[in-house]
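See structure below.
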Amino acid sequence: MKNAEVAKILLEIADLLEVKGVAWKPEAYRRAARTVEGLGEAIEDVYTKGGVKALKGISGVGESIAAKIEEYLKTGRVRELARLEKKAPKGVDELLHVPGVGPKKALVLAKKLNIAGLKGLEAAAKAGKVRLLAGFGKKSEEDILRGLEIVKKGKSRKLLGLALPLAREFAARLERLRSVEKAVPAGSVRRMKETVGDIDVLVLSRDAKKVMDFFTAMPEVQHVLARGGTRSSVVLKDGLQADVRVLEPNSFGAALQYFTGSKEHNVALRRRAIMKGFKLSEYGLFKGKKWVAGRAEEDIYRKLNLSYIPPELRENQGEIEAAVKGKLPKLVERGDIRGDLHMHSVWSDGVASIEEMARAAKQRGYEYIAMTDHSKSERIANGMDEKRLLRYLEEIERVERKVGIRILKGSEVDILPDGSLDYADSVLEKLDIVLAGVHSRFKSAEKEMTTRICAAVENRYVNVLVHPTGRIINQREGYAVDLDAVMAAAGKNKVALEIDAYPSRLDLTGENVRRAIESGCLIAIDTDSHAVEHLRSMELGVGQARRGWAEAKSVINTFPLRKLEKFLRKK
DNA sequence: GCCGTTTTCGGCCCGACTGTTTTCAGTCG
C-alpha cells in the first residue's frame, strides 16, 4: 500500500510551497495528503481500477493533485517536487519540522545563516548566531535548541503504530518461506510500548542462510548494517532499524523471553533463576550444565515457579512478585472491546461520513459506537455550533436506523480556559455521551490547568475525559497538570479517563492507567478516529491498558450496552 | 489547489499566544 508514500510526497510539496509564501495551496496539499493516508483502500488499487477519474473522486484531490499521484504511481517520482526542491534553499523544509519554526523563520534561517538542514541549525544556534538575526532573540534561539531535541528524539524512537504492523508483516513474510517454521516479533513491539527503538524478529528455521538472504533483500531495506550466519541488522527506509535472528528449537522460547525484555524484567528474572539454583540466558534455563527449559517461554516461567507473565507487564514493576503469588491481573483483551466511544466524521474534521464510520465499526464486530465530533470553539477542526449539532444528532439517528448499530449521540466538547464547557448544560443534556478535552492554552501553569480540568470533570454531564495529558509523541509534551488530583476528581464524579489509541497520542500511558485504576477510575479505550482506517488503532490502546494492568471490568467499552448506558446516565 | 443548498469564481478559520517589538509578525492549533 503506497498511501503513506504518496501522502509524504504531498506533504513535502506543501512544506516547500509554504516556505515560498504561496497561499492556500499548502493547505490543499495537506488536506489531500490526510485523506490519502486515511483512505480505506490502497491508492494504487484506486488508480488501477478507475484511473485519474477515481483519484479525483477522493475528497481534496482535484485535477492537479490527481495528476501528481498518477505520475508518482507510474514513475516513482514527482517532477514538481524536484523542481520546488531545486529552487528552495537546501534543507529548508527540514527546518519546518522544528516546533516554533514556521515558513517565515525557516526561510530566514536557511538564507541568512546559509545552513543546510537541522545539523547546521543546531550548530548556528549553539554558536549564538540565531539570536543576532532580525526577528530572533535569545528566547527564540533557546526555543529552537529545545525544538531540535524534540525532533531528534522523534528520529530515534518510532511510533508503535508504525513498527507493529511492519514487524508483523516481516514475520508473516518470513513464515511463508518453506524452511521457516515460525517467525515472531519480539522486543518493545511485543511489549506494546508506545514507541520503539528497533524491530526484532525471531525465526525458527533449518536454513539460516535463506532467512538472511531474504531479510536483507526486502524492498523496505535501505542498507544492511551487519550480516552474519544467524543474525542480521538492517536500516529501513523510514529510519527504523530491524534485526532478525535465527534460532534453534530448544532455545527459541528462551531467546523470545530474552529479546522481549524489558532489560529490567530480565535482570529480575535471572536473579530469581539464580535464587532457585538455575542459570537463565538467551539459550535456555540451565541447572549446572544441564539444559532444563527453553523451547517455550511458558516452560521457563513455570520452572521458576511463576505464572506466565504477559509481555506487556514485563517492566519489573511488581509483575514478578505478583506472578509468585499467582496474583497477576486477568488483562483486558482486544476481544473484550464492544465499541469505540470517540469517533469523528466530516461533520467536523474527519474524512468519512457518519454512515461510513458506522458501517466500518459494525464490520469490526462492535455492538455500539459513539459519534463525537468537535464542539464550536474548535474552529480549526470545523467544530459545530448548537444549530449544526442538532442536525448532527438527527443524522446520527438516521444512520443508526439505516446501518443497524447502536450509535450514541456524543460530542468532543472543549474545556474552555475557565473550566466551563463549550456547550451549555441544556445542550449537553441532549447527548448520550459527553467527552471533554483540553484543546487550547496548553502552556498554562499546572495549578490553573488542574483547576480547569477538575472543574470540567465535575460537570454532571461529562462522561469521559479525553486524552488526559495532551501529549503528542515526539511533538508535544503533555500539559502541566496534577494527574492525581484529576484522577481523584474523575473517580468521584464517575468520569472515565481515556486512553486515546491514536498512534501518536497513546495517553494515558500504561503507568498512568495503573495509577488511574488504583485511584478508583474507570478507563475508556478509544481510537479518536478521523478516518475509517484509524479504527484499527484500537489494539494499540488495548496494549497500553494491558501495560497498565487493566482488566476488562475497568474498561467501560467492554461493558454490554445496557451497563454502559447506565454508567453514562450516572449523575 | 479545491470546491460548490454560499457564488464554476471567489472564497478558503481565525483567535490566542509569544517574543520581539514599540504596534506587530510569526506560529500554533
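Labels below follow one simple rule: chain letters A, B, ... track the order of the sequence lines, proteins then strands, and each chain is numbered from 1.
- Taking atom CG of A:L81 as the reference point, atom C1' of B:dG1 lies 16 Å away to the nearest angstrom.
- With 3.5 Å as the limit, one finds a donor-acceptor pair spanning the side chains of A:H342 and A:E498.
- Across B:dG26 and B:dT21, the matching P atoms stand 12 Å from one another, rounded to whole Å.
- Of the candidates B:dG19, B:dG29, B:dG1, the closest approach to any side-chain atom of A:S140 belongs to B:dG19.
- Regarding A:L416, its CG atom lies at a distance of 15 Å from the P atom of B:dG15, rounded to whole Å.
- Comparing atom distances between the A:S64 side chain and each of B:dC2, B:dC14, B:dT27 picks out B:dC2 as nearest.
- Between A:R30 atom CZ and B:dC28 atom P there is a gap of 10 Å when expressed in whole angstrom units.
- Note on A:K56: nothing from the nucleic acid sits closer than 4.0 angstrom, heavy atoms only.
- B:dT6 atom P lies 11 Å from atom CZ of A:R388, rounded to whole Å.
- If you check every strand for non-hydrogen atoms under 4.0 Å, A:E27 touches nothing.
- For the pair A:K443 NZ and B:dG29 C1', the interatomic distance rounds to 12 Å; values are reported in whole Å.
- Residue A:V22 is out of contact with every strand shown, counting any heavy-atom pair closer than 4.0 Å.
- Toward the 5′ end of DNA chain B lies the nearest nucleotide of A:E80, the other residue of the pair A:K138 and A:E80 mapping further downstream.
- Checking A:D500, A:I472, A:L435, A:V438 one by one against A:H467, the side chain to side chain contact (heavy atoms under 4.5 Å, CB included) holds for a single residue, A:D500.
- Nucleotides of DNA chain B nearest to A:A381 and A:P103 differ in position, and the one nearer the 5' end is that of A:A381.
- Pairing for B:dT8 is absent, judged as Watson-Crick or G-U wobble with the two contacts each under 3.5 Å.
- Between the CZ atom in A:R514 and the CG atom in A:L508 there is a gap of 14.5 Å [rounded to 0.5 Å].
- For the pair A:W24 CH2 and B:dC3 P, the computed distance is 16 Å after rounding to whole Å.
- If you take atom C1' in B:dG11 and the same atom in B:dA16, they sit 24 Å apart, rounded to whole Å.
- Using atom C1' as the reference point in both B:dT27 and B:dT20, the two lie 14 Å apart (nearest Å).
- Candidate nucleotides B:dG26, B:dT20, B:dC2 were compared by shortest atom distance to the side chain of A:K139, and B:dT20 ranks first.
- Residues A:K126 and A:L121 are not in side-chain contact: their nearest non-hydrogen atoms beyond the backbone lie 4.5 Å or more apart.
- Counting non-hydrogen atoms under 4.0 angstrom, A:K105 reaches the backbone sugars and phosphates but no base.
- Using a 4.0 Å heavy-atom distance criterion, A:P99 is classed as a sugar-phosphate-only contact.
- Stacking of A:F136 onto the six-membered ring of B:dT20 is not present when judged by under 5.5 angstrom between centres and under 30° between planes.
- Comparing the same atom, C1', in B:dG10 and in B:dG15 gives a spacing of 24 Å after rounding to whole Å.
- Relative to the six-membered ring of A:Y479, A:K443 misses at least one condition, a distance below 6.0 Å or an angle of at most 45° to the axis.
- If you look at A:H439 and A:H374, their ring centroids are closer than 6.0 Å.
- For the P atoms, the distance from B:dT22 to B:dC28 is 23 Å, rounded to whole Å.
- Looking at heavy atoms from C-beta onward, A:K56 lies out of side-chain contact with A:I58 at the 4.5 angstrom threshold.
- Rounding to whole angstrom units, CD1 of residue A:I144 and P of B:dT20 are separated by 10 Å.
- Candidate nucleotides B:dG1, B:dG29, B:dG19 were compared by shortest atom distance to the side chain of A:E378, and B:dG29 ranks first.
- Taking atom CG on A:L17 and atom P on B:dC12, their separation rounds to 20 Å, with Å as the unit.
- Between B:dG1, B:dG29, B:dG19, one nucleotide has an atom nearer to the side chain of A:F442 than all others, and that is B:dG29.
- Between B:dT6 and B:dC12, the distance separating the two C1' atoms is 12 Å to the nearest Å.
- Side-chain proximity of A:K104 to B:dG26, B:dG1, B:dT20: nearest is B:dG26.
- Rounded to a whole angstrom, the distance from the C1' atom of B:dC17 to that of B:dT23 is 16 Å.
- When the C1' atom is compared between B:dT8 and B:dC13, the two are found 23 Å apart, to the nearest whole Å.
- Listed nucleotides B:dC17, B:dC2, B:dT20 differ in distance to A:R441; the shortest reach to its side chain belongs to B:dC17.
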